[in-house]
Asks: 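Below you'll find the structure I mean.
Note that this is a predicted model, so its numbers are computed, not measured.
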Amino acid sequence: MNHLLKNKKLASRENSVLNRLDWITVALYIACVVVGWLNIYAAVYNPEQPISIFNFDTNSGKQLVFAGFAVFIIIAILVIDYRFWETFAFFIYGFVLLLLIAVLFLGANIKGSHSWFRIGPIGFQPAEVAKMATALAIAKYLSTPGTNLTRFKDQLNVGIFMLIPMILIRISDETGQALVIVGLLLMLYREGLPGIYPLIIIVAATLLVLSLTVETLNIAIGLAIVGALVIFFLPRYQRNRKTYTAMGLIYVGCISMVLATDFIINDVLAPHQRSRIEVLIDPNSHKRGAGWNVIQSKIAIGSGGIFGKGFLQGTQTKFDFVPEQSTDFIFCTVGEEHGFMGSILVIGLLIGLILRLIILAERQRIKFARVYGYGVISIFFFHFLVNIGMTIGLMPVIGIPLPFFSYGGSSLWSFTILLFIFLKLDAQRSQIMSRV
């Protein structure tokens, strides 16, 4: 009898979620949160009035509280049955859409963005969880038997899933958070979306930037030369009327995009959005305005050298030269105080996390878990690429946080939820397999 009880306890221990959890990913998550917390403290540290890192009146103290709540969120996700997320994916998506609508009427206006619910000292931004809800809904839809992203009908339906939250978030004046959802195209490409769609977006963005720096006639000539070279190097049997027609339509489309740039820049984009694009091309064009953040951020990072000035020894960050230094521009604190080596460490942690998630996504046994996993990867990668890119002047400043590093409860909690839902699904691969 004792032998049977012992075997039963052993089997129960082996089936524990904690035993099947991917602890490499958990370790990377903890490392990112801890390093981020230390840099948040460094960003607001005042050497003339030193305050404890645990002081709850400071950003570092508040971030510690947010991290404590994140632990409860993790426990809740691990306790909830893994089938909950697939079964109620559409309901979660619908509920978040209602929150995005409600915040337009009931939300507080913070820094020009009407996208926050305020409950006492706590702020909550529905746009943060909208990314998770959209990834769940798309994963649920694509895991339905018979769906195929090579068909226009399914492409259109997935596009609607993405477009609705993007529009609602954009109405609340959160352009950056809306653009994050576009990053899900990486996941869709992995699941069979024709490459023409990501290519169109890349070409359109490139032409938009070129149109601001190069004369329209020169662009038209350049495109004509590129088209002629493509046709010249095609095999002779492919040089036919159909190919010439396709190339002509592509050329007309590109020229139309170039000609429409003036309208887009001056009549579609808001003044602050227009200035951000101009700053991307020439940071000195708005030295005292939109370009200030980027210029000061680059100075801070460059001043760090190879090994940095040392923890709490930064000067650019200490004297508020860099606005939003504990949120959107937290990476410049890393660069100034820890230099090139510290920056490489932070980038390595985030890239390591993303690569580990790719490994986990590829080993999933059902489509829902794999698609959702790549949704998480896409969102993390977009935040990582754009946030660090904008601090060094390679991306427009659109105000999105660096995952697990930037200050903020909504940000930390939303990334935690995104990650641990996937880790819960990954931990249940053996049970999931029995359903296949």
Asks: With heavy-atom distances below 4.5 Å as the criterion, would you say the side chains of L418 and Y372 are in contact?
Replies: yes
Asks: Just wondering, more than 12 heavy atoms not from F91 lying within 6.0 Å of its CZ?
Replies: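 It does not: F91 CZ has 12 such atoms or fewer within range.
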Asks: Counting heavy atoms not belonging to F340, are there more than 12 under 6.0 Å from its CZ?
Replies: no
Asks: Looking at T87 and F84, would you say the former's side chain and the latter's main chain have a donor-acceptor pair under 3.5 Å?
Replies: no
Asks: Can you list the steps and then say if L64 with W37 is a side chain to side chain contact (heavy atoms under 4.5 Å, CB included)?
Replies: CA-CA 7 Å; L64 189 61; W37 174 55; 4.0 Å; yes
Asks: Do we see a donor-acceptor contact under 3.5 Å between the side chains of K131 and S414?
Replies: no
Asks: Can a donor-acceptor pair be found between the side chains of Y141 and D154 at a distance below 3.5 Å?
Replies: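 Yes, a side-chain donor-acceptor pair sits under 3.5 Å.
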Asks: For A127 versus L100, what's the shortest heavy-atom pair and its separation?
Replies: N-CD2, 3.8 Å
Asks: If you take the centroid of each ring, where Trp contributes its six-membered ring, are Y29 and F404 closer together than 6.0 Å?
Replies: yes
Asks: Hey, mind stepping through R370 and R190 against side chain to side chain contact (heavy atoms under 4.5 Å, CB included) and telling me if it holds?
Replies: CA-CA 10 Å; R370 185 184 71 241; R190 165 62 180 83; 3.6 Å; yes
Asks: Contact between S60 and N55 at the side-chain level, heavy atoms closer than 4.5 Å - yes or no?
Replies: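 Counting from C-beta outward, S60 and N55 never come under 4.5 Å.
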Asks: Counting distance only, does the side-chain N/O of H383 pair as donor-acceptor with the main-chain N or O of P401 below 3.5 Å?
Replies: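 Confirmed, H383 side chain pairs with P401 backbone.
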Asks: Check V203 against C254 and note the closest heavy-atom contact, atom names and distance.
Replies: CG1-SG, 4.3 Å
Asks: Looking at CD1 of I167 and CD1 of I181, how far apart are the two atoms once the value is rounded to the nearest 0.5 Å?
Replies: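 I167 CD1 to I181 CD1: 10.5 Å, rounded to 0.5 Å.
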Asks: Atom CD of E174 and atom CD of E128: how far apart are they, to the nearest 0.5 Å?
Replies: 8.0 Å
Asks: Distance from L193 atom CG to L186 atom CG, nearest 0.5 Å?
Replies: 10.5 Å
Asks: Do we see a donor-acceptor contact under 3.5 Å between the side chains of Q364 and Y374?
Replies: no
Asks: Might you point out which heavy atoms bring T416 and I77 nearest each other, and give the distance in Å?
Replies: O-CD1, 4.5 Å
Asks: Under a 3.5 Å distance rule, please check whether T391 uses its side chain to pair with a backbone N or O of C332 as donor and acceptor.
Replies: no
Asks: For E86, is there an ion pair with K367 - N to carboxylate O distance below 4.0 angstrom?
Replies: no
Asks: Donor-acceptor pair, distance only, cut-off 3.5 Å: does the side chain of K309 make one with the backbone of E336?
Replies: no
Asks: Any side-chain heavy atom of I74 sitting closer than 4.5 Å to one from L423?
Replies: no
Asks: How close do A133 and V96 get, counting heavy atoms only, and between which atoms?
Replies: CB-CG2, 3.7 Å
Asks: How far does CG of D22 sit from CG of L419, to the nearest 0.5 angstrom?
Replies: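 Separation between the atoms: 9.5 Å.
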Asks: Verify, without hydrogens or angle tests, whether T333 (side chain) and A43 (backbone) share a donor-acceptor contact under 3.5 angstrom.
Replies: no
Asks: So D328 and I400, do their side chains get closer than 4.5 Å, heavy atoms only?
Replies: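 The answer is no; the side chains never approach within 4.5 Å.
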Asks: If you measure from CZ on F382 to CG on L184, what distance do you get to the nearest 0.5 Å?
Replies: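 Result: 10.0 Å between the selected atoms.
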Asks: Only counting residues at least two apart or in another chain, list the ones meeting salt bridge (Lys or Arg N to Asp or Glu O under 4.0 Å) with D57.
Replies: none
Asks: Below 4.5 Å, heavy atoms only, C-beta onward: do L99 and V103 meet side chain to side chain?
Replies: no
Asks: If only atom types and distance count, is the side chain of N387 paired as donor or acceptor with the main-chain N or O of F329 below 3.5 Å?
Replies: no
Asks: Among side-chain atoms of E337 and Q313, is any donor-acceptor pair under 3.5 angstrom?
Replies: no
Asks: If you draw a 6.0 Å radius around CZ in F90, do more than 12 non-hydrogen atoms from other residues or ligands fall strictly inside?
Replies: yes
Asks: Given side chains that start at C-beta, do those of L350 and L402 come closer than 4.5 Å, heavy atoms only?
Replies: yes
Asks: Over 60° means perpendicular and under 30° means parallel, so classify the ring planes of Y93 and F161, tilted if in between.
Replies: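 Perpendicular.
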Asks: Locate the shortest heavy-atom distance separating F311 from A42; write the atom from each residue and the value.
Replies: CE1-CB, 3.9 Å
Asks: May I ask you to test the L353-F380 pair for a side-chain heavy-atom distance under 4.5 Å?
Replies: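 Answer yes - side chains close enough.
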Asks: Side chain to side chain contact (heavy atoms under 4.5 Å, CB included) between M162 and I138: does it pass, once the steps are laid out?
Replies: CA-CA 8 Å; M162 295 171 61; I138 292 175; 3.6 Å; yes
Asks: I'd like to check M187 versus V376 (side-chain heavy atoms, cut-off strictly below 4.5 Å). Are they in contact?
Replies: no
Asks: So, D426 and R20, do they make that salt bridge, N to O below 4.0 Å?
Replies: no
Asks: With a 6.0 Å cut-off (strictly less than), is the heavy-atom count around CZ of F95, excluding the residue itself, greater than 12?
Replies: no
Asks: Please give me the minimum heavy-atom distance between R356 and T25, naming the atom from each residue.
Replies: CG-OG1, 3.2 Å
Asks: Among N39, L38, V33, find the one that has a side-chain contact (heavy atoms from CB on, under 4.5 Å) with V35.
Replies: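 So, applying the side-chain contact (heavy atoms from CB on, under 4.5 Å) to V35 and each of N39, L38, V33, only N39 qualifies.
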Asks: Got a second to check how far M341's CE is from F307's CZ, nearest 0.5 Å?
Replies: 6.0 Å
Asks: Is it true that a side-chain atom of W413 and a backbone atom of F66 form a donor plus acceptor pair closer than 3.5 Å?
Replies: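 Checked: pair present.
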Asks: Please identify which of these residues, T144, L136, L142, meets the side-chain contact (heavy atoms from CB on, under 4.5 Å) condition with F368.
Replies: L136
Asks: List the steps, then state whether side chain to side chain contact (heavy atoms under 4.5 Å, CB included) holds for F69 with L412.
Replies: CA-CA 10 Å; F69 276 109; L412 177 61; over 6 Å; no
